[in-house]
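Worksheet: one structure, shown below.
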Number of protein chains: 2
Amino acid sequence: MPKASSDAPDPKAKQPRRSHAEAREAAIAQIVDIATQEFVEKGLAGARIDEIAGKATKRKIYYYFEGKEELYRAVLERAYRQVRESEAQVDIASGTAVEALRRLIEHDVHYHARHPELVRLVMNENIHRAQHLKQIAALPSRNHSVIEILAQLIARGEAEGSFRAGIDPVELHLNMTALAFYNVSNQFTFAHNFGVDMTSETALARRASQVADIIIAWVTHKD
Amino acid sequence: MPKASSDAPDPKAKQPRRSHAEAREAAIAQIVDIATQEFVEKGLAGARIDEIAGKATKRKIYYYFEGKEELYRAVLERAYRQVRESEAQVDIASGTAVEALRRLIEHDVHYHARHPELVRLVMNENIHRAQHLKQIAALPSRNHSVIEILAQLIARGEAEGSFRAGIDPVELHLNMTALAFYNVSNQFTFAHNFGVDMTSETALARRASQVADIIIAWVTHKD
DNA sequence: TATTTATGTAACGAACTAGTCCCTAACATT
DNA sequence: AATGTTAGGGACTAGTTCGTTACATAAATA
């Protein structure tokens with residue numbers, strides 16, 4: 001059999017002439033990709049290193065990572081980094097404060113729905129009392145950016161006279177996220193218990209709008 | 001050593017003169033108690049039958065249950081039964097509809113906080129896409145009681161003129177539960193990420209009140 | 001009294017699983 | 001080209017874990 005020189009996407013193809021540094025990055029990204037699927041599907045204890053990939057990839061895992069838990073932390077860190085990156089890109093400057101808040105909330109609902117893997121990883125982490133999250137040093141500082149965005153929005157809303165006084169940005173974030181998160185995290189038990197579908201585009205659009213209604217009703221009502 | 005006749009709560013004490021039926025119930029209740037702790041702590045895959053209790057209890061488990069999964073289902077069913085039983089006991093008749101709704105919501109927030117084992121079991125079940133829940137036949141019918149209670153409350157609120165028209169009882173339940181549930185389910189990641197405590201009595205009371213504010217603002221606002 | 005039901009103790013084995021060892025190939029350096 | 005370094009393929013292993021079984025015994029029931 002002659003060696004065929006082809007650039008077709010053969011999964012078994014060995015990418016030749018790649019520097020060690022490139023190969024390293026590619027290998028790690030590949031491992032984290034596959035591991036994310038497995039951990040998201042079965043959790044930390046349920047995931048099987050052997051099934052994350054064939055024996056070949058298994059060998060790579062122990063070459064690049066200390067073990068199952070370090071791999072899990074890598075998966076977790078990347079998922080969190082991606083959320084924070086997406087959050088920073090929502091336009092909160094244009095329109096009224098109420099309009100900007102609605103945009104942010106609807107983004108949140110859609111982001112959670114489109115990224116169930118993040119939701120599942122966070123659920124898992126809470127089952128483990130955040131013990132792996134605590135070992136990732138980089139995270140705490142990044143979280144404050146969300147709170148600062150909300151604090152600005154609250155200040156603007158108050159200045160515009162639409163928001164009532166005394167809204168806590170952390171509490172606002174908690175309430176927004178709870179509604180966006182639960183819709184994904186508990187979709188299976190809720191759908192089964194109450195016979196509703198929560199995944200269709202229609203249901204999602206209605207949900208995003210309703211969550212925004214709820215939060216806005218709360219921040220704008222004056223008693 | 002003479003046999004001491006004592007009625008002190010000795011864990012090793014054998015309750016004599018118990019019928020087989022009584023012994024059976026007691027043994028099953030004991031197993032489910034211990035298994036609940038283990039499954040709540042570590043999830044289905046993480047739980048270890050050998051560590052649920054000593055060898056004696058292990059022997060009982062396989063005497064009364066088919067295996068790990070049937071035991072897990074028993075744990076799940078009991079936890080769900082207990083929620084539904086508690087929900088049916090809230091007074092929703094006295095006072096205005098708004099007052100009754102507030103009572104129901106605050107009960108919900110407190111119940112979730114006092115029963116983290118339920119929250120964790122439900123999280124687990126969602127990670128498994130509700131596959132074990134679906135095998136429990138008794139549940140779906142029980143869930144409709146909650147919805148009926150809410151439907152009555154909505155009708156009363158509309159009649160009293162305090163609620164706006166068109167509130168869906170399932171959506172109302174979804175929103176209430178989301179806020180009550182998230183507070184417990186995500187307490188570890190949220191507390192770590194934003195440096196807040198969510199478990200103190202003060203924090204819980206404030207939270208219960210705030211969740212009620214949010215839902216009531218939403219059902220009563222008229223635009 | 002005889003029989004069934006329940007349960008305490010120990011041990012077992014088949015299947016599984018995280019992690020390791022050896023060896024070869026690909027790349028880097030001189 | 002020769003030698004060193006990095007990467008990984010395949011098999012193996014040491015340790016778990018679930019589920020079972022054997023055996024003894026005590027209590028409830030017929």
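Since we're looking at a predicted model, the values are computed, not measured. Naming: A, B, ... by sequence-line order, numbering from 1 per chain. Keep in mind that the numbers below use all heavy atoms, side chains included, and drop hydrogens, waters and symmetry copies.
- For the pair Tyr63(A) OH and dG19(C) P, the computed distance is 18 Å after rounding to whole Å.
- Ring orientation note: the planes of His173(A) and Phe190(B) are close to parallel, at an angle under 30° on the 30°/60° scale.
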Check the interface with nucleotides 15-18 of chain D: list each N/O to N/O pair with the protein under 3.5 Å, or write none.
from, atom 1, to, atom 2, distance (Å)
dT17(D), OP1, Arg48(B), NE, 3.2
dC18(D), OP1, Ala47(B), O, 3.2
dC18(D), OP1, Ile49(B), N, 3.2
dC18(D), OP1, Lys68(B), NZ, 3.4
dC18(D), OP2, Ile49(B), N, 3.2

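- In this structure, Ile61(A) places its CD1 atom 14 Å from C1' of dT20(C), rounding to the nearest Å.
- Out of dT4(C), dG8(C), dG10(D), the shortest distance to the side chain of Arg59(A) is found at dG10(D).
- Rounded to an integer number of Å, the gap from NE2 of His20(B) to P of dA6(C) is 5 Å.
- Between Arg142(B) and Arg81(B), the closest side-chain pair of non-hydrogen atoms falls below 4.5 Å.
- Contact annotation for Tyr64(A): backbone-only contact, meaning every heavy-atom pair under 4.0 Å involves sugar-phosphate atoms and none involves a base.
- Residue Arg24(A) places at least one side-chain N or O under 4.0 Å from the OP1 or OP2 atom of dA7(D).
- Separation of the Tyr182(A) and Tyr182(B) ring centroids does not fall under the 6.0 Å cut-off.
- Between Gln82(B) and Tyr111(B), some side-chain heavy-atom pair lies under the 4.5 Å cut-off.
- Arg102(A) is listed as a side-chain neighbour of Ser209(A), based on a closest heavy-atom distance under 4.5 Å.
- Computed from coordinates, the Lys60(A) NZ to dG19(C) C1' distance equals 18 Å when rounded to whole Å.
- Using a 4.5 Å heavy-atom cutoff, the side chains of Arg103(A) and Ile92(A) are not in contact.
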